[in-house]
K.L.:
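Input: one structure, supplied below.
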Amino acid sequence: MNSHVVTISRFLIDEERRHPEATGNFTSLLHDIALAAKLIGREVNKAGLVDILGAAGDENVHGETVQKLDQFANDVIYRALDHTGLVACMASEENAGFIPIPDKFPAGDYVVIFDPLDGSSNIDVNVSIGTIFSIHRKISDGERGALEDCLQPGSRQVAAGYVLYGSSTMLVFTSGAGVHGFTLDPSIGEFLLSHPNMRMPEPPAKVYSVNEAYYRRWTTGQQRLVSHLKNEGGFGSRYIGSFVADIHRILLQGGLFMYPSDDKNPSGKLRLLYEAAPLAMVVEQAGGRASTGSMDLLDVEPVELHQRTPIYMGSRAFVDLAEAMLAEGGG
Ligand code: P6P
């Protein structure tokens with residue numbers, strides 16, 4: 001039994017000590033994100049009580065208008081970060097444009113891009129959902145952040161991670177030195193280190209994860225790839241339909257997640273900046289690989305905040321196989 005308990009605060013302070021040049025700002029930033037995760041998790045876990053607590057738009061027992069959970073989550077993250085002096089600007093799946101820091105607050109060096117609640121359509125059926133965050137350093141010249149600070153390739157991320165609101169609430173992140181998972185102990189309100197140095201297993205589980213309802217819309221190469229996996233490859237199939245939950249499973253067990261392009265979505269459905277790129281950093285830091293199907297996903301140069309990308313993510317050998325078969329079969 002591991003005697004000592006490591007909270008995320010203790011972990012971050014120990015990590016900071018390993019970097020003499022650290023100012024402590026990064027530690028504070030992750031701390032603020034962890035606080036937002038606790039506040040969001042508390043509301044997500046009540047989501048099943050809509051009949052009692054009211055659905056979005058209703059007034060709750062306190063006479064407050066109940067927000068849609070993803071709007072609530074968006075506000076919680078924004079308010080956790082906007083006044084800290086650590087952030088130059090933000091971007092969110094919920095906001096059309098980039099989010100400046102109000103003039104009344106000091107701006108800092110970090111850029112935080114997030115999907116506050118991915119998969120929120122799964123809430124009503126109690127399927128695990130997640131928050132995804134991506135952290136860059138400011139690169140623009142001005143005092144305060146600009147759109148260009150948000151349009152950086154995933155390879156420039158200084159940190160990335162997700163919060164999974166499932167049977168337990170887990171925060172998983174990397175700052176470029178491995179991937180570490182923390183599980184919330186609600187009895188003390190602390191994220192405790194439960195999965196230090198997460199590494200994708202070798203040999204990986206032979207499982208692919210894709211929505212096969214779109215089979216007819218796929219390219220020939222994509223159709224051949226999935227047929228190969230399920231026939232000659234002997235793969236099983238798991239698809240939750242919640243990106244964070246699917247990737248979390250693949251991180252723990254191995255496998256191949258795919259959200260390919262198709263004839264209706266030439267760039268796929270999932271977004272580059274706040275869904276694919278952060279989870280690509282996590283997967284690669286855990287020893288896996290992330291591709292668009294034709295190139296490393298972390299090398300994609302963004303041109304638009306909400307641009308989409310095809311995704312092939314998971315165990316390295318399986319991503320390599322996907323790229324090879326897509327290249328052959330008119331990908
Ligand atoms: P589809 C959930 O709605 C989501 O945004 C991701 O979490 C998930 O991976 C994907 O969409 C599922 O999409 O087309 O399979 O329903």
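Note that ligands are numbered from 1 as they come in the structure, with each ligand's atoms numbered from 1 the same way.
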K.L.:
Shortest non-hydrogen contact from Leu225 to Ala322?
P.N.:
CD2-CB, 3.7 Å
K.L.:
For ligand 1, is there an N or O atom under 3.5 Å from any N or O atom of Tyr259?
P.N.:
yes
K.L.:
Can you confirm, on distance only, whether ligand 1 has an N/O atom lying under 3.5 Å from any N/O atom belonging to Tyr214?
P.N.:
yes
K.L.:
Go through the steps for Asp14 and Arg18 under the test salt bridge (charged side-chain N to carboxylate O under 4.0 Å, His left out), then give the verdict.
P.N.:
CA-CA 7 Å; Asp14 291 347; Arg18 274 195 265 281; over 6 Å; no
K.L.:
Any donor and acceptor pair, going by atom type alone, linking the side chain of Asp149 with main-chain N or O of Ile139 inside 3.5 Å?
P.N.:
yes
K.L.:
Considering only protein heavy atoms, which is closest to atom 4 (C) of ligand 1, and at what distance to one decimal place?
P.N.:
Lys269 NZ, 3.9 Å
K.L.:
Of all the atoms in ligand 1, which lie at a distance below 4.0 Å from a heavy atom belonging to Phe243?
P.N.:
6 (C), 7 (O), 8 (C), 9 (O)
K.L.:
Decide if the gap between the ring center of Phe235 and the ring center of Phe318 is smaller than 6.0 angstrom.
P.N.:
yes
K.L.:
Could you report the tightest heavy-atom contact between Ser92 and His306, atom names first, then the distance?
P.N.:
O-CE1, 3.3 Å
K.L.:
For atom 5 (O) of ligand 1, what's the nearest protein heavy-atom neighbour? Residue, atom name and distance, please.
P.N.:
Asp118 OD1, 3.5 Å
K.L.:
Going by distance only, is there an N or O of Asn211 that falls short of 3.5 Å from an N or O of ligand 1?
P.N.:
yes
K.L.:
Would a distance-only check, ignoring hydrogens and angles, find a side-chain to backbone donor-acceptor pair under 3.5 Å from Asn95 to Gly97?
P.N.:
no
K.L.:
How close does the nearest protein non-hydrogen atom get to atom 8 (C) of ligand 1, and which residue and atom is it?
P.N.:
Gly241 O, 3.4 Å
K.L.:
Using a strict 4.0 Å cut-off to heavy atoms of Tyr239, name the atoms of ligand 1 that fall inside it.
P.N.:
1 (P), 12 (C), 13 (O), 15 (O)
